[in-house]
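Side chains are part of it too, since the values below use all heavy atoms of this structure and drop only hydrogens, waters and symmetry mates. Residue numbering restarts at 1 for every chain, and letters A, B, ... go by the order of the sequence lines.
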Protein chains: 2
Amino acid sequence: MPFSATEENYIKAIYALTHSLGVEHANTNQLSSRLNNKAASVSDMLQRLFEKKLIDYKKYHGVKLTKKGFSVAIQIVRKHRLWEVFLVEKLNFKWDEVHEIAEQLEHIQSEELVKRLDKFLHFPKHDPHGDPIPDIKGIVHELKQVELNTCKVKNKMIFSGVKLHTKEFLQHISNLGLKLREKIEIIHITDFDGLIEVKINSNKKTIHIGSKTASHILVELL
Amino acid sequence: MPFSATEENYIKAIYALTHSLGVEHANTNQLSSRLNNKAASVSDMLQRLFEKKLIDYKKYHGVKLTKKGFSVAIQIVRKHRLWEVFLVEKLNFKWDEVHEIAEQLEHIQSEELVKRLDKFLHFPKHDPHGDPIPDIKGIVHELKQVELNTCKVKNKMIFSGVKLHTKEFLQHISNLGLKLREKIEIIHITDFDGLIEVKINSNKKTIHIGSKTASHILVELL
DNA sequence: ACAAATATTTAGGATAACCTAAATTTTGAT
DNA sequence: ATCAAAATTTAGGTTATCCTAAATATTTGT
Ligand SMILES: [Mn+2]
Ligand SMILES: [Mn+2]
Ligand SMILES: [Mn+2]
Ligand SMILES: [Mn+2]
């Protein structure tokens, strides 16, 4: 049962939608817009994924991954994130440059390759954007993260993820001087507009983070 | 102009056939058997490759890559061989395990990725089977190699390539204890059956190579 | 509860890449 | 030079994946 890249992308999209929204079912229009396909095409494909027992599907009522579909999804996510680590750690790509390439690499079929890549990278726990890498069993170890804009003055924390993955946002974060897994501390929060002043442990200077930006930044409280 | 993996495989097959046989044109049946497609399908695709100006094609008279087709072919070969180096050097695959994976990886589209991979691997000149890796300009630096079975007693040489790439043959060579780029010397050749006794520079013992095997081994004379 | 708005599916088609069978062209042996 | 064999192309079909337009189901506002 090797699945086509197209099928894998549908599965991954269903996973991403249900997982990130924390809901049971994904619906046709959501998939249509995420995959840049027309809703009619999505309907079409959903029937086929249903026949292959990758999804539970009742017409007009959205879809949900089966056990099998879920495990396929996790493996693709695992590959995607491992390749992103490779691109950043070994080939020195920036974190905003790797997604499109990983979109291709995630469809390479070879279990042994993934195993060895994982080992070569020293079994990383998260990708360059802080997202957890499912282990070989498919278990995802989620971090206890909160959004930076929910934190209080004097809180110490580790910058551990982002909720937005656009090139522009990622570059914005880089320009601020923030790097993943760095220890930071909130120095001050402006009441009026929620502007957050943050000290980066490794730096002397502080930086200022707008509240919209802060809402897309995930941290682990210490 | 991104080409499909299918188109790329046709281009690569035309390149391989004309290059390895040292002829101008590849014909439909050769492509059919190399690509495991029916001749009718090949005919079909050839028309499309012609329209895309990747090949010169006159019905019934075989095909030849255009400048453009040639440059596409070289880039795919370059990617295939760089990935093979990566798999062997970095992920510790054996030289008989990498071809199928590289067949997939060679279709990943990103010039920057290839550039960086090349650098990461320290600009290797040849792949794990001794085949030359086209440089970034697409120039192939072919080695002056001869088949081992054409060499004479006392000749000193470097084992630098193989003419057969099947898993069985590659494993056979490994089992003999031969490693690419090792210095070897012919100690004795049995007149009757052409059996060659070879000393491997790095070893104490000598090994015996049958003449059929020897005919698939390429060496650089010193 | 019901009509309008929204979401989804179905119908009918297109394209890429295959295939089998039939037609056509080239080749090669007399 | 001729004609059968071999090679190749054409004709007609299939499947996966996508699309537009039309039909249908669900949701929502009153
Ligand atoms: Mn990504
Ligand atoms: Mn990522
Ligand atoms: Mn290969
Ligand atoms: Mn090779």
Side-chain angles (χ1 to χ4, degrees), chain A residues 1-14 17-18 21 23-65 68-69 72-73 76 103-104 106-107 109, chain B residues 1-15 17-18 21 23-65 69 72-73 76 103-104 106-107 109:
Chain A
M1 14 206 84
F3 302 104
S4 71
T6 303
E7 290 170 323
E8 291 191 346
N9 285 333
Y10 271 87
I11 295 299
K12 191 166 55 115
I14 295 166
L17 283 172
T18 54
L21 301 178
V23 296
E24 276 286 290
H25 294 86
N27 57 47
T28 303
N29 272 350
Q30 288 169 337
L31 287 165
S32 161
S33 97
R34 170 173 277 255
L35 294 165
N36 282 109
N37 283 340
K38 300 296 160 173
S41 308
V42 173
S43 252
D44 200 1
M45 178 62 94
L46 292 182
Q47 329 247 3
R48 269 175 291 136
L49 295 177
F50 176 72
E51 274 153 28
K52 295 190 178 188
K53 300 190 197 302
L54 290 165
I55 58 175
D56 287 336
Y57 176 45
K58 277 222 295 277
K59 278 176 192 174
Y60 294 100
H61 294 283
V63 290
K64 176 182 181 310
L65 294 172
K68 188 176 163 197
V72 170
I76 303 166
E103 285 290 305
Q104 298 180 63
E106 72 189 4
H107 301 294
Q109 317 258 197
Chain B
M1 14 211 85
F3 303 104
S4 71
T6 303
E7 291 170 322
E8 291 191 346
N9 285 334
Y10 271 86
I11 295 299
K12 192 167 54 115
I14 295 167
Y15 172 79
L17 283 172
T18 54
L21 301 178
V23 296
E24 276 286 292
H25 294 85
N27 57 46
T28 303
N29 272 349
Q30 287 169 339
L31 287 165
S32 162
S33 97
R34 170 173 277 256
L35 294 165
N36 281 108
N37 283 339
K38 298 297 160 173
S41 308
V42 173
S43 254
D44 200 0
M45 179 61 93
L46 292 182
Q47 330 246 2
R48 270 175 291 136
L49 295 177
F50 176 72
E51 274 151 29
K52 296 190 177 187
K53 301 191 196 301
L54 290 165
I55 58 174
D56 288 335
Y57 175 44
K58 277 221 297 276
K59 279 176 192 174
Y60 294 101
H61 293 285
V63 290
K64 177 182 180 311
L65 294 172
V72 170
I76 304 167
E103 286 289 306
Q104 299 180 62
E106 72 188 3
H107 301 294
Q109 316 258 199

Calculate the interatomic distance between B:Gln30 atom CD and D:dA6 atom C1'; express it in whole Å. 14 Å

Rounded interatomic separation in angstrom, taking CZ from A:Phe3 and P from D:dT17: 12 Å

Please report the distance, rounded to the nearest Å, between NZ in A:Lys59 and C1' in D:dA23. 13 Å

Can a side chain N or O of B:Asn29 be found less than 4.0 Å away from OP1 or OP2 on D:dT8? yes

Using a 4.5 Å cut-off on heavy atoms from C-beta on, say whether the side chain of A:Met45 contacts that of A:Thr6. yes

Within the structure provided, determine whether A:Gln47 and A:Lys59 are in side-chain contact (heavy-atom separation under 4.5 Å). yes

For B:Phe3, does the CZ atom have more than 12 heavy-atom neighbours from other residues, nucleotides or ligands under 6.0 Å away? yes

Determine whether B:Ser43 and B:Tyr57 make a side-chain contact, defined as any pair of heavy atoms from C-beta on separated by less than 4.5 Å. yes

Just to be sure I understand the rule, does A:Lys38 reach a base, reach only the sugar-phosphate, or reach nothing, if contact means heavy atoms closer than 4.0 Å? base

Between A:Ser41 and B:Asn27, just flag the one whose closest nucleotide in DNA chain D comes earlier from the 5' side. B:Asn27

Per atom distances to the A:Tyr60 side chain, the nearest of D:dC18, D:dT26, D:dT8 is D:dT26

With sequence neighbours excluded, give me every salt bridge (charged side-chain N to carboxylate O under 4.0 Å, His left out) pair touching residues 4-13 of chain A. A:Glu7-A:Lys52, A:Lys12-A:Glu103, A:Lys12-A:Glu106

Determine: side-chain N/O of A:Tyr10 to OP1/OP2 of D:dA16, distance under 4.0 Å, yes or no. no

How close or far is atom P of D:dT17 from atom CE of A:Met45, stated in whole angstroms? 4 Å

Given side chains that start at C-beta, do those of A:Leu49 and A:Val63 come closer than 4.5 Å, heavy atoms only? no

For atom CG of B:Asn37 and atom P of D:dT8, their distance in whole Å: 15 Å

Starting at atom CG of B:Asp44, determine the distance to atom C1' of D:dG13, rounded to an integer number of angstrom. 12 Å

First and last nucleotide of DNA chain C touching chain B, 5' to 3', heavy-atom cut-off 4.0 Å? C:dA16 to C:dT26

By the 4.0 Å heavy-atom rule, please label A:Ser43 as base, sugar-phosphate, or nothing. base

A:Glu51 atom CD is separated from D:dT17 atom P, nearest whole Å, by 12 Å

Are the side chains of A:Gln104 and B:Gln109 in contact, using a 4.5 Å heavy-atom criterion? yes

